[in-house]
Amino acid sequence: MNKPHINIDSFWLPRQSSTLAEKVDFGYYAAYWTGIVFFLLITGATVYLVLKYRRRTEKDKTSPIAHNTALEVTWSLIPLVILIWLFFVGLRSYVYASVAPAESYEIKVTGEMYLWTFIYPDGTAVVNELAVPKGRPVKLIMSSKDVLHSLYIPEFRVKQDVVPGLYTTIWFNATNAGDTALLCTEYCGSGHSDMLATVKVLEESDFEKWIEQQSGPSDLPPEELGKLLYAKKSCATCHSVDGSPMQGPTFKGIFGRNEEFSDGSRVAVDENYIRESILNPQAKVVKGFPAVMPTFRGLLKDREIDALIAYLKTVK
Ligand code: CUA
């Protein structure tokens with residue numbers, strides 16, 4: 001599986017790929033350079049004064065000066081003004097990030113252990129791939145099916161908790177066409193670090209085409225469509241095809257395998273078992289694996305389930 005990647009073009013921060021990024025980075029660098037300048041001023045002055053007024057002879061005395069009002073007012077007022085300025089720099093981008101434009105394109109997001117589902121206005125549901133139009137405000141309306149997750153798109157500088165029983169939102173306006181990474185940034189279990197998605201920023205016309213293509217090419221033979229879905233619907237996040245155990249049991253040689261379940265019962269894997277495991281994964285949980293698979297009810301059409309079954313028969 002291709003891991004989505006983040007474009008880096010400066011030492012500290014990822015590429016700026018949304019209209020928010022510039023504002024967030026301005027706040028970051030304002031605090032950063034303020035810190036550097038004051039570090040140099042204060043440590044520089046300290047080192048200089050320590051050397052200049054060090055005790056050279058037994059007779060050297062400490063200065064009798066107790067305080068200097070003008071100096072103290074100055075070194076209080078200058079930082080105060082800088083802090084108020086930093087507050088407004090932060091507030092400005094916070095307000096910008098908080099209020100989505102009314103004409104935003106809305107996409108619903110569900111987080112669950114360990115995948116992301118994106119549901120478009122026409123009902124198209126896509127797993128672990130978020131395509132968005134370039135240069136148009138997009139609002140994500142997010143919720144979790146199980147535990148706390150957090151959606152983070154570093155290049156867009158957006159990050160927000162995804163919480164069960166609650167909707168949270170973020171919005172962005174993407175400025176660079178191309179791919180970037182979306183990741184879960186709240187530890188949610190053993191598959192947390194694989195809870196990744198690709199963000200595809202597309203020109204408006206390509207975006208319309210992408211939406212149309214999501215129902216899957218209809219001319220593919222079932223095994224090939226199944227193979228495509230195995231990658232696209234993120235089965236590959238938890239099930240290998242090379243025999244190695246991941247979050248879930250491997251698909252290598254699965255068809256016809258005599259599987260033992262956590263309640264001690266056994267069944268030979270057939271079409272019905274696979275279908276049941278896709279739609280109602282907790283019905284029969286393979287012994288030795290956690291019962292964490294999410295249901296794909298509503299996310300896969302019958303044709304797609306048939307295709308997956310056809311593909312699994314070929315994984316030997
Ligand atoms: Cu979901 Cu970490």
Side-chain angles (χ1 to χ4, degrees), residues 1-8 13-14 17-18 20-21 24 97 106-120 124-132 138-172 174 179-201 229-240 244-251 277-282 285-286 288-300:
M1 201 173 57
N2 281 341
K3 295 250 184 211
H5 95 280
I6 301 168
N7 300 289
I8 305 289
L13 296 166
S17 300
S18 77
L20 174 65
V24 170
E106 293 187 354
I107 301 171
K108 295 205 180 65
V109 180
T110 308
E112 62 196 284
M113 298 149 107
Y114 298 102
L115 53 89
W116 298 102
T117 307
F118 304 99
I119 300 166
Y120 288 79
T124 301
V126 185
V127 174
N128 286 354
E129 189 173 85
L130 171 65
V132 296
V138 172
K139 182 179 179 182
L140 304 183
I141 301 163
M142 313 185 292
S143 196
S144 168
K145 279 196 193 165
D146 38 49
V147 299
L148 265 184
H149 303 275
S150 182
L151 184 143
Y152 181 31
I153 309 173
E155 280 190 44
F156 293 175
R157 309 290 190 272
V158 291
K159 171 150 91 170
Q160 179 63 259
D161 280 1
V162 179
V163 185
L166 182 75
Y167 295 106
T168 51
T169 64
I170 47 174
W171 82 276
F172 51 79
D179 289 3
T180 184
L182 176 159
L183 41 126
C184 180
T185 182
E186 178 80 53
Y187 183 72
C188 51
S190 55
H192 161 72
S193 57
D194 287 323
M195 198 167 161
L196 303 163
T198 304
V199 181
K200 282 176 135 32
V201 180
L229 293 167
Y230 165 75
K232 235 185 155 104
K233 300 291 177 179
S234 88
C235 313
T237 307
C238 298
H239 300 280
S240 74
S244 53
M246 297 167 81
Q247 287 290 318
T250 182
F251 283 164
S277 295
I278 292 172
L279 298 178
N280 184 12
Q282 314 308 340
V285 177
V286 175
F289 290 93
V292 293
M293 176 161 161
T295 174
F296 282 77
R297 195 178 292 278
L299 297 179
L300 290 169

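Whatever order the structure lists them in is the order used to number ligands and atoms, beginning at 1. Because the structure is predicted, anything quoted here is derived from the model rather than measured. Start at 1 with the first residue, then count along the sequence.
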S.K.: Taking Val127's backbone N and O only, do any of them form a donor-acceptor pair with Thr117's side chain (distance below 3.5 Å, no angle check)?
M.R.: no

S.K.: Need one value: angle at atom 2 (Cu) of ligand 1, Glu186 atom O versus Cys188 atom SG, rounded to 10 degrees.
M.R.: 110°

S.K.: On the 0 to 90° scale, with breaks at 30° and 60°, tag the His192-Tyr187 ring pair as parallel, tilted or perpendicular.
M.R.: perpendicular

S.K.: Tell me, please, if Ser150 has any N/O/S atom, main chain or side chain, under 2.8 Å from atom 1 (Cu) of ligand 1?
M.R.: no

S.K.: Just to confirm my numbers, could you give the angle made at atom 1 (Cu) of ligand 1 by ND1 of His149 and SG of Cys184, rounded to 10°?
M.R.: 120°

S.K.: Do the side-chain N and O atoms of Ser150 and Glu186 include a donor-acceptor pair separated by under 3.5 angstrom?
M.R.: no

S.K.: Atom 2 (Cu) of ligand 1 is nearest to which N, O or S atom of His192?
M.R.: ND1

S.K.: Looking only at side-chain N and O atoms, does Glu112 offer a donor or acceptor that is under 3.5 Å from a partner on Ser144?
M.R.: no

